[in-house]
Amino acid sequence: MVRGEPIPFLLFVPKGWMVKKEKGSVALRIDDHTFIHCYSNDATSNNKAYLRDEVNRVLSQYSGYEVARQEIVTMDKKQWARVQFVNQRGDQVLILTHGGNRGSYTIELNGSFKQLSSQNSVLNRVITSFKFPASTYFVAKVEAEEEL
């Protein structure tokens, strides 16, 4: 498991995968390809506003992509927006976003259809392993902020 920073979360990392941590993000790599990026920040938001920001980010970052599918999924007992983007070559970007009172989170997968389908079961296991931090962490943080 790897722990995200500055807003903590837990995520399963398969054996043999490399982890690169940077401020606010965790990247999981195998075979010289970064399949998964997880971003977290302490900005509170609602799901719709955060999703809109992330969709705009993806469309501006990856030229030639368009939204192919959207749905709501549940992970760690919270609702997430799941959006799939595709381009003409068959490359895909999949994002899952959650904005709420525990901060804002994005899990992003990218690769060709062949790359993603060859790793499908392990990628699904990584994504569904996402765990929010214990709520007591945020209670302590709020109490400390109120004392200031």
Side-chain angles (χ1 to χ4, degrees), residues 1-15 17-30 33-87 91-113 115-117 119-148:
M1 298 296 274
V2 65
R3 182 182 169 120
E5 297 173 357
I7 302 301
F9 58 86
L10 293 176
L11 195 67
F12 167 76
V13 178
K15 187 176 182 177
W17 286 54
M18 295 175 34
V19 176
K20 182 177 180 184
K21 290 176 81 172
E22 295 179 1
K23 186 175 180 176
S25 73
V26 172
L28 304 182
R29 300 174 57 92
I30 190 167
H33 181 81
T34 300
F35 276 107
I36 298 177
H37 272 106
C38 294
Y39 307 96
S40 66
N41 64 64
D42 59 2
T44 59
S45 182
N46 62 51
N47 282 335
K48 286 183 182 180
Y50 186 64
L51 173 61
R52 188 172 35 253
D53 291 345
E54 285 297 278
V55 167
N56 290 337
R57 178 190 62 80
V58 169
L59 291 174
S60 67
Q61 182 178 344
Y62 299 97
S63 65
Y65 281 78
E66 58 185 47
V67 174
R69 184 175 176 189
Q70 301 179 70
E71 62 186 330
I72 301 295
V73 296
T74 301
M75 292 190 328
D76 199 20
K77 301 177 185 171
K78 301 286 182 208
Q79 286 192 334
W80 291 65
R82 178 181 165 140
V83 181
Q84 180 184 19
F85 303 84
V86 296
N87 67 12
D91 299 325
Q92 299 179 53
V93 175
L94 175 70
I95 62 169
L96 292 103
T97 65
H98 176 79
N101 62 356
R102 295 182 171 202
S104 299
Y105 302 85
T106 298
I107 301 172
E108 179 181 316
L109 284 79
N110 60 58
S112 70
F113 177 77
Q115 289 171 321
L116 294 175
S117 61
Q119 299 288 336
N120 188 45
S121 62
V122 73
L123 291 171
N124 190 45
R125 183 169 180 210
V126 171
I127 292 169
T128 58
S129 74
F130 183 96
K131 298 287 182 222
F132 286 104
S135 60
T136 54
Y137 170 84
F138 290 98
V139 171
K141 182 178 177 186
V142 169
E143 288 174 358
E145 288 175 354
E146 288 175 353
E147 291 173 6
L148 297 175

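Bear in mind the structure is a predicted one, so any value in this text is a computation, not a measurement.
- The two residues Gly99 and Ser104 make their nearest non-hydrogen contact at CA-OG, 4.0 Å.
- For the side-chain contact (heavy atoms from CB on, under 4.5 Å) with Leu109, the lone residue among Leu123, Val93, Asn124 that qualifies is Leu123.
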Legend entry - Residues Phe130, Phe9; criterion ring pair (Phe, Tyr, Trp, His ring centres under 6.0 Å); working and verdict: CA-CA 7 Å; Phe130 183 96; Phe9 58 86; 5.4 Å; yes
Inset, instruction - Step by step, work out the side chain to side chain contact (heavy atoms under 4.5 Å, CB included) result for Leu28 and Val126. - result: CA-CA 10 Å; Leu28 304 182; Val126 171; 3.6 Å; yes
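- Between Met18 and Ile30, every side-chain heavy-atom pair lies at or beyond the 4.5 Å cut-off.
- Taking 4.5 Å as the limit, every side-chain heavy atom of Val122 sits out of range of all side-chain heavy atoms of Phe35.
- With contacts defined as side-chain heavy-atom distances shorter than 4.5 Å, the pair Asn47/Thr97 does not qualify.
- Here Tyr50 pairs with Thr106 under the side chain to side chain donor-acceptor pair (under 3.5 Å) rule; sequence neighbours left out.
- Here the CG atom belonging to Leu96 is positioned 12.0 Å from the NE2 atom belonging to His98, to the nearest 0.5 angstrom.
- No side-chain heavy atom of Ile107 sits under 4.5 Å from any side-chain heavy atom of Ile95.
- Under the rule for a side-chain contact (heavy atoms from CB on, under 4.5 Å), the partners of Ser112 that lie at least two apart in sequence or sit in another chain are Asp91, Lys114, Gln115.
- In this structure, Arg125 is positioned above the aromatic face of Phe12, its NZ or CZ under 6.0 Å from the six-membered ring centre and within 45° of the axis.
- Summarising the geometry of Leu116 relative to Gly111, their closest heavy-atom pair is CD1-O, 3.8 Å, with the distance given to 0.1 Å.
- Screening residues 54-75 for ring-ring contact (aromatic ring centres under 6.0 Å, His included), with sequence neighbours left out, gives Tyr62-Tyr65.
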Inset, instruction - Show your reasoning for whether side chain to side chain contact (heavy atoms under 4.5 Å, CB included) applies to Arg29 and Trp17. - result: CA-CA 6 Å; Arg29 300 174 57 92; Trp17 286 54; 5.9 Å; no
Inset, instruction - Start with the C-alpha gap between Leu11 and Cys38, add the side-chain angles, then the distance that decides, and say whether side chain to side chain contact (heavy atoms under 4.5 Å, CB included) holds. - result: CA-CA 9 Å; Leu11 195 67; Cys38 294; 3.3 Å; yes
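- The salt bridge (charged side-chain N to carboxylate O under 4.0 Å, His left out) pairs that include a residue from residues 43-54 are Glu54-Arg57, where partners are two or more places apart or lie in different chains.
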Output side-chain donor-acceptor pairs under 3.5 Å for residues 75-86, partner residues at least two apart or in another chain, one line each.
from: Asp76; atom 1: OD2; to: Phe132; atom 2: N; distance (Å): 2.6
from: Trp80; atom 1: NE1; to: Met75; atom 2: O; distance (Å): 3.4
from: Arg82; atom 1: NE; to: Glu71; atom 2: OE2; distance (Å): 3.3
from: Gln84; atom 1: NE2; to: Gln92; atom 2: OE1; distance (Å): 2.6

